[in-house]
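Residue numbers start from 1 in every chain, and the chains themselves are labelled A, B, ... in the order their sequence lines are given, proteins ahead of strands. These numbers come from a predicted model, not from an experiment.
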There are 2 protein chains.
Amino acid sequence: MFKKVVLVEDFQGENQGIAETLTEKLAIEELQSEFYCDKAFNRLKVALKKNEPYELMVTDLFFEKDHVDRKLTSGQELIKVARAQQPELKIIVHSMENNPSHVNALFKEDKINGYVCKGRRGMVELVNAVNEVFHNRTFVSPQLNLTAANNSFELDAFDRAILKELANGLTKKEVSDKFKKENRTPNSESTIDKRISKLYDEYKAKNTTSLLFKLAKEGKI
Amino acid sequence: MFKKVVLVEDFQGENQGIAETLTEKLAIEELQSEFYCDKAFNRLKVALKKNEPYELMVTDLFFEKDHVDRKLTSGQELIKVARAQQPELKIIVHSMENNPSHVNALFKEDKINGYVCKGRRGMVELVNAVNEVFHNRTFVSPQLNLTAANNSFELDAFDRAILKELANGLTKKEVSDKFKKENRTPNSESTIDKRISKLYDEYKAKNTTSLLFKLAKEGKI
DNA sequence: TAATCCCTTACAGGATTCTGTAAGGGATTT
DNA sequence: AAATCCCTTACAGAATCCTGTAAGGGATTA
């Protein structure tokens, strides 16, 4: 089993619960709990310099802002710098995020080794995940695969660009003008209209307002 | 100190961490952990019938849906029925919710005794909260008071009703018609127009779309 | 080369939104 | 009682949204 593990989780209760699970159920000998991404990255760096690197990092994705200044503001940023510094580090993400496309991106872009959803079986799954990752396999919470089949549709860059401007209160004509001014293409009002209409169908929205609301609620934008 | 406590929290890690804190830091003798509101309410009911009632309930507000059928779907619903059944029960809410108006409503309407935000000092604050509540005082996480000063504006019931329908994609005329049909007043299209225009000013939104988007992002609706 | 498909663009008309003016009624103040 | 304030309601015009039709161009296929 892993001997040296760092845990990065800003909720004190969750942090404590995970720590207990890792030390008691999995007999991790050296567990370091951190509440900030920056501190966790420092731990990794120092340990690596001493030639006593951490073997596994368990991290959340979202970290609440508080009075402390910070460079790394999210788990994903932490993962990127940690991966760059120590490519062989095993990484398991433990988060509330349940959007399959985001999770897929973490596996593909950031080469994480496991993903566990916070939930009623979070600790049971985490134990499984650590065991799987220890044996060089990957782990994904089962409920995630189910939802992956549902919403296979993805917003592309053009969709996101339009939606971002609409969310800021621009009219479609203003979006078109802005795109033209910035030499982004396609940019005609008609094409933008068409794109949005397609999104209405895909998300079963009746108009721009309900579309943006739904997407915001689902955390897609 | 309290002897008999029920903890209601659906995240396994968080549940475990809180349980450890309550039993070790506060020496609670009889702690019952639950992951569903319905089960927690049953515990309370049975204990009361046996004349061995619980003294304190620590509960979350949001509970994830899963395969299990449920009557009580939120902490607030649990609190209402628990209060009705056992008025002297002490209740501490431990949640991510950081909207001061929601928390105020919990104190006023549901007579909760303490409110602790999940966060980096969640367990420290929970220990304080339990101590305060044990001595018949109330407790609120300090960071909540700070944010309370910021956004003094509140959405009233009429605002919320309008926004809910707009979010579903209804036009203002349809909202007006629906209100008339349901004998809700005021209901004229003009008045609804006026209300929404006022919200534009208050939330610095340019149109319905940006208004709904902003409110959704801030979690106000 | 011709046929086909898909994306982009233009235009147009009916529905809806946004904003302003104005009138009426209830509550409070003077 | 009169004045004032606030909320509700009506109406109207300009801007914007939504949807449909249609045309042009690039890429792929026959």
Student: When the distance from CD of B:Glu174 to P of D:dC18 is rounded to whole Å, what number comes out?
Tutor: 13 Å
Student: Are A:Asp159 and A:Lys198 close enough for a salt bridge, meaning some N to O gap below 4.0 Å?
Tutor: no
Student: Determine: side-chain N/O of A:Lys172 to OP1/OP2 of D:dC18, distance under 4.0 Å, yes or no.
Tutor: yes
Student: Roughly how many Å is it from OH in A:Tyr200 to P in D:dT19, rounded to a whole number?
Tutor: 7 Å
Student: Look at all strands and tell whether B:Thr171 reaches a base, only sugar-phosphate, or nothing, counting heavy atoms closer than 4.0 Å.
Tutor: sugar-phosphate
Student: Checking B:Arg120 against A:Tyr36: charged group under 6.0 Å from the ring centre and within 45 degrees of the axis?
Tutor: yes
Student: For DNA chain D, whose closest nucleotide is more 5', that of A:Leu170 or that of A:Lys194?
Tutor: A:Leu170
Student: Tell me: CD1 of B:Ile192 to C1' of C:dT17, nearest whole Å?
Tutor: 13 Å
Student: Once you round it to whole Å, what is the distance between C1' of C:dT17 and CG of B:Leu166?
Tutor: 11 Å
Student: From the set D:dT19, D:dT9, C:dT17, return the single nucleotide nearest to any side-chain atom of A:Asp193.
Tutor: D:dT19
Student: To the nearest 0.5 Å, what is the distance between CG (B:Leu7) and CD (B:Gln16)?
Tutor: 11.0 Å
Student: Calculate the interatomic distance between A:Asp177 atom CG and C:dT9 atom P; express it in whole Å.
Tutor: 13 Å
Student: May I ask you to check if A:Arg121 and B:Phe11 form a cation-pi contact, with NZ or CZ under 6.0 angstrom from the six-membered ring centre and within 45° of the axis?
Tutor: no
Student: It should be established whether B:Ser188 places a side-chain nitrogen or oxygen under 4.0 Å from OP1 or OP2 of nucleotide D:dT9.
Tutor: yes
Student: Rounded to the nearest Å, what distance is computed from the CG atom of residue B:Leu211 to the P atom of nucleotide C:dC18?
Tutor: 9 Å
Student: Under 4.0 Å from OP1 or OP2 of D:dT9: is there any side-chain N or O of B:Thr191 that close?
Tutor: yes
Student: Scan side-chain atoms only and decide if B:Ser210 and B:Asn207 contain a donor-acceptor pair under the 3.5 Å cut-off.
Tutor: yes
Student: Just N and O in the side chain of A:Thr208: are any of them under 4.0 Å from OP1 or OP2 of D:dC18?
Tutor: yes
Student: How many Å lie between CD1 on A:Ile162 and P on C:dC7, as a whole number?
Tutor: 14 Å
Student: In whole angstroms, how far is the P atom of C:dT19 from the CZ atom of B:Arg195?
Tutor: 17 Å
